[in-house]
Number of protein chains: 2
Amino acid sequence: MKLKEFAREIGLSPTTVSRALSGYPEVSAATRQRVSAEAVRLGYRPNINAVRLATGRAGAIGLVMNQAGEFQLTEFLRGMTEQLVRDEMDILVTPVVEDGTEAEVNAYRRVAEAGKVDAMIILAPQPNDPRIPLLQGLGMPFLVHGRSEGSAPHAWLDIDNEGAIFRATSHLIDLGHTRIGMINGRKGMTFSLHRDIGYRRALEERGLTFDPRFVAHGNFTDEVGFTFARDMLEQGLRPTAFVAGSMMTALGIYRAARALDLVVGRDMSVIAHDDVFPYLTADNMVPSLSTTRSSMRAAGGRIATLLLQIIAGRPAEEIHELWPVELILRESTQPVPGG
Amino acid sequence: MKLKEFAREIGLSPTTVSRALSGYPEVSAATRQRVSAEAVRLGYRPNINAVRLATGRAGAIGLVMNQAGEFQLTEFLRGMTEQLVRDEMDILVTPVVEDGTEAEVNAYRRVAEAGKVDAMIILAPQPNDPRIPLLQGLGMPFLVHGRSEGSAPHAWLDIDNEGAIFRATSHLIDLGHTRIGMINGRKGMTFSLHRDIGYRRALEERGLTFDPRFVAHGNFTDEVGFTFARDMLEQGLRPTAFVAGSMMTALGIYRAARALDLVVGRDMSVIAHDDVFPYLTADNMVPSLSTTRSSMRAAGGRIATLLLQIIAGRPAEEIHELWPVELILRESTQPVPGG
DNA sequence: AAATAATTTGAAATCGCTTTGAAGACGTGG
DNA sequence: CCACGTCTTCAAAGCGATTTCAAATTATTT
């Protein structure tokens with residue numbers, strides 16, 4: 001059923017029908033009511049592509065999924081979709097085919113230039129992230145989940161990674177730990193850098209010396225957690241506590257402990273960052289895991305809302321949201337043994 | 001830059017340019033070469049919405065994300081996107097706002113009727129799934145990941161859940177286990193039903209009696225695994241082995257064992273279904289986890305390919321792919337203690 | 001009742017591309 | 001050299017909505 005047929009069917013002009021359905025003020029309440037009712041009855045729905053061509057809006061937000069595409073993405077997506085469904089906005093998922101920064105930048109360029117989306121979201125930013133000047137140059141609105149130092153001013157929403165890890169590390173120091181392993185995220189990412197800073201600042205403020213052998217970087221996988229934790233634990237003077245970048249990393253650390261016959265919560269402490277998943281909860285771990293917590297789902301939702309505002313004309317440069325992170329202490333962080 | 005300007009710029013008609021870029025045979029190789037080169041040089045890209053309006057194609061595949069949206073979704077999405085990027089096809093992700101079958105069916109209807117997609121994918125089907133007659137009625141091509149008994153013939157790709165769990169259970173019986181716990185997926189889902197059947201068939205063929213107290217259903221979360229496993233292990237005659245529906249479930253079971261001072265691989269055995277994740281690998285668990293393995297990513301990729309074929313005209317009813325499942329034995333399955 | 005203002009409605013142009021049907025350019029055999 | 005078939009190219013008509021500008025209707029004022 002097309003607009004023309006539908007309009008003829010109910011005895012109005014296409015113009016009036018279009019206005020009635022799009023909520024323009026020029027149409028009387030009575031007419032609007034009637035048109036809406038008839039649309040439902042006859043099953044008329046505007047062809048989305050015609051609408052988009054006519055309005056110039058794409059009706060979608062672009063998300064590029066890189067090869068490393070983390071497990072948190074599902075939660076993030078859910079948060080976004082929950083917000084966007086109200087505004088009839090879609091999410092367009094595009095992959096990066098091969099690895100590498102250049103391939104990723106090209107993926108953004110493709111999506112942006114083809115006009116498939118009204119705005120994009122930049123995930124896992126780095127300092128001087130090349131995607132930022134790219135999108136700014138193309139005039140494509142965007143929002144960064146995280147932020148990028150050294151780049152031109154841009155809209156971002158980030159969690160307080162530095163503060164979170166600073167508090168987590170300080171907490172461990174309070175418990176008497178002096179050798180604290182840090183298994184962080186991928187090197188170069190802003191969030192990893194900020195966490196490193198939080199970690200070092202905590203050490204410095206308490207007069208502890210930084211030992212590079214106790215710091216590792218890698219993907220948020222159980223394997224990375226396991227391997228690095230085991231390596232560190234097999235050193236002469238091993239860490240008595242760990243700060244982990246993700247729940248998966250923490251799982252790996254737990255297993256490394258067990259493999260070496262160490263008991264978490266007795267022989268060593270662990271604290272991890274938790275993005276909040278329905279399928280893996282820190283509370284249920286044994287021992288329950290102390291965490292720095294911030295909901296990935298909530299971030300996705302808020303970012304979607306902010307993007308809609310940017311599309312509607314809100315100046316992007318003024319949007320900077322820094323979310324605080326909860327520190328939740330559970331059984332996995334205990335005083336240093338024999339301390 | 002629009003088609004008209006671009007065509008004028010390089011001294012050709014819009015028709016020729018359009019044909020050259022879309023690979024029609026009416027245009028000479030030399031011209032095509034030149035047009036492509038100029039398009040790159042001048043940065044011309046057809047407006048996607050105009051193309052879609054003109055061709056009637058939506059250029060996207062629809063995926064509806066329900067509230068339960070499992071953690072495997074990321075891998076599935078990656079598999080799909082990897083295939084689709086070649087064909088300039090996008091994935092449109094839509095959420096189900098509130099829970100319930102009706103809300104889910106409505107989400108499918110909205111997407112299908114708005115003409116936003118050329119085909120859809122049905123996830124986590126049930127017997128007599130209402131989404132199947134809906135999409136068939138609307139003439140929207142689709143493919144079911146899994147399958148739906150009792151429904152009209154439809155295109156599907158499924159893994160051999162029954163066979164996998166049959167073999168897994170039989171393997172445990174071979175090792176001398178007679179009380180085998182089964183922590184399955186959500187009740188009512190086809191895959192859960194098939195796994196239940198595989199489990200019961202293995203018991204029956206070996207003359208073991210089915211005990212309903214040893215079977216549980218729930219989401220693929222560590223909490224479900226932990227709670228049910230602990231409950232079963234606290235019974236008088238407890239299971240000596242478990243079949244788990246997912247890696248997360250297995251994590252929960254491992255933890256339940258430790259909470260009760262039981263050692264997996266010595267006091268009890270565990271085997272789980274593994275969808276293959278980069279961030280959580282059965283090999284790295286301690287003890288390493290025996291699994292029935294089938295790649296979610298590969299399934300997503302194959303499904304995308306099949307959907308493109310269906311869109312291109314291949315009859316959907318003839319598409320039935322049943323993928324075998326690997327059985328991979330590791331340390332977590334051992335002979336029954338004292339057996 | 002006429003004049004004016006306010007409210008509704010509609011005809012037609014527009015969005016940027018694809019594609020049909022027709023014409024121009026080119027080479028070849030008679 | 002002409003006629004004819006083969007390649008290329010093009011003008012113009014859609015695709016299905018939105019939106020501008022003008023006209024028609026209704027309400028209000030004088």
Side-chain angles (χ1 to χ4, degrees), chain A residues 1-36 38-39 42-60 87-90 112-118 139 311, chain B residues 1-36 38-39 42-60 87-90 112-118 311-312:
Chain A
M1 162 102 31
K2 329 190 161 174
L3 173 58
K4 238 167 154 179
E5 303 172 32
F6 175 61
R8 180 155 18 86
E9 194 82 20
I10 65 173
L12 287 173
S13 77
T15 311
T16 309
V17 171
S18 170
R19 281 179 176 149
L21 292 177
S22 314
Y24 277 63
E26 295 96 330
V27 80
S28 73
T31 309
R32 161 161 313 128
Q33 194 85 32
R34 180 167 149 246
V35 172
S36 306
E38 291 283 28
L42 297 174
Y44 168 72
R45 280 173 170 284
N47 175 302
I48 192 78
N49 292 318
V51 173
R52 286 173 179 175
L53 175 57
T55 58
R57 272 181 258 119
D87 299 77
E88 291 256 16
M89 271 277 191
D90 305 313
E113 284 187 343
K116 294 185 176 193
V117 299
D118 297 314
I311 293 171
Chain B
M1 161 103 31
K2 329 189 161 178
L3 172 57
K4 236 167 153 181
E5 303 172 33
F6 175 61
R8 182 156 17 87
E9 193 83 20
I10 64 173
L12 287 173
S13 77
T15 311
T16 308
V17 171
S18 169
R19 281 180 173 148
L21 292 176
S22 314
Y24 277 64
E26 295 97 331
V27 79
S28 72
T31 309
R32 161 159 314 127
Q33 194 86 32
R34 181 168 148 245
V35 171
S36 306
E38 292 283 29
L42 298 174
Y44 167 72
R45 281 174 170 283
N47 175 303
I48 192 78
N49 292 317
V51 173
R52 287 173 179 174
L53 176 57
T55 59
R57 273 180 258 119
D87 299 77
E88 291 257 17
M89 271 278 192
D90 305 314
E113 283 186 343
K116 294 185 176 193
V117 299
D118 296 314
I311 292 170

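Quick note on labels: first sequence line is chain A, next is B, and so on, each numbered from 1. The shown structure was predicted, so the numbers you read here are calculated from the model rather than taken from an experiment. Basis for what follows: all heavy atoms, side chains included, without hydrogens, waters or symmetry-related copies.
Between the Ser36(A) side chain and the Arg32(A) main chain, a donor and an acceptor come within less than 3.5 Å of each other. The closest donor-acceptor contact from the side chain of Thr55(A) to the backbone of Val51(A) lies under 3.5 Å. At least one donor-acceptor pair closer than 3.5 Å links the side chain of Ser22(B) to the backbone N or O of Ser18(B). Put simply, the side chain of Arg34(B) gets close to the backbone of Ile10(B): a donor and an acceptor are under 3.5 Å apart.
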Polar-atom pairs under 3.5 Å, protein N or O versus N or O of nucleotides 7-9 of chain D: list them with distances, or write none.
| from | atom 1 | to | atom 2 | distance (Å) |
| --- | --- | --- | --- | --- |
| dT9(D) | OP1 | Thr31(B) | OG1 | 3.4 |
| dT9(D) | OP2 | Thr31(B) | OG1 | 3.3 |

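For Phe6(A) and dT18(D), the CZ to P distance is 12 Å, given to the nearest whole Å. Counting to the nearest Å, the C1' atom of dT19(D) and the CG atom of Leu3(A) are 12 Å from each other. Rounded to whole Å, the distance from CG on Asn47(A) to C1' on dA17(D) is 7 Å.
Nearest-nucleotide positions on DNA chain D place Thr15(B) closer to the 5' end than the other of Leu53(B) and Thr15(B).
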Kindly indicate, with the supporting measurements, whether the criterion side chain to side chain contact (heavy atoms under 4.5 Å, CB included) is fulfilled by Asn47(A) and Lys2(A).
CA-CA 8 Å; Asn47(A) 175 302; Lys2(A) 329 190 161 174; over 6 Å; no

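Once you apply a 4.0 Å limit to the heavy atoms of chain A, the touched nucleotides of DNA chain C run 5' to 3' over dT8(C) to dG16(C).
Contact annotation for Thr55(B): backbone-only contact, meaning every heavy-atom pair under 4.0 Å involves sugar-phosphate atoms and none involves a base.
For residues 45-59 of chain A, the salt bridge (Lys or Arg N to Asp or Glu O under 4.0 Å) pairs, not counting sequence neighbours, are Arg45(A)-Glu113(B), Arg52(A)-Asp90(A).
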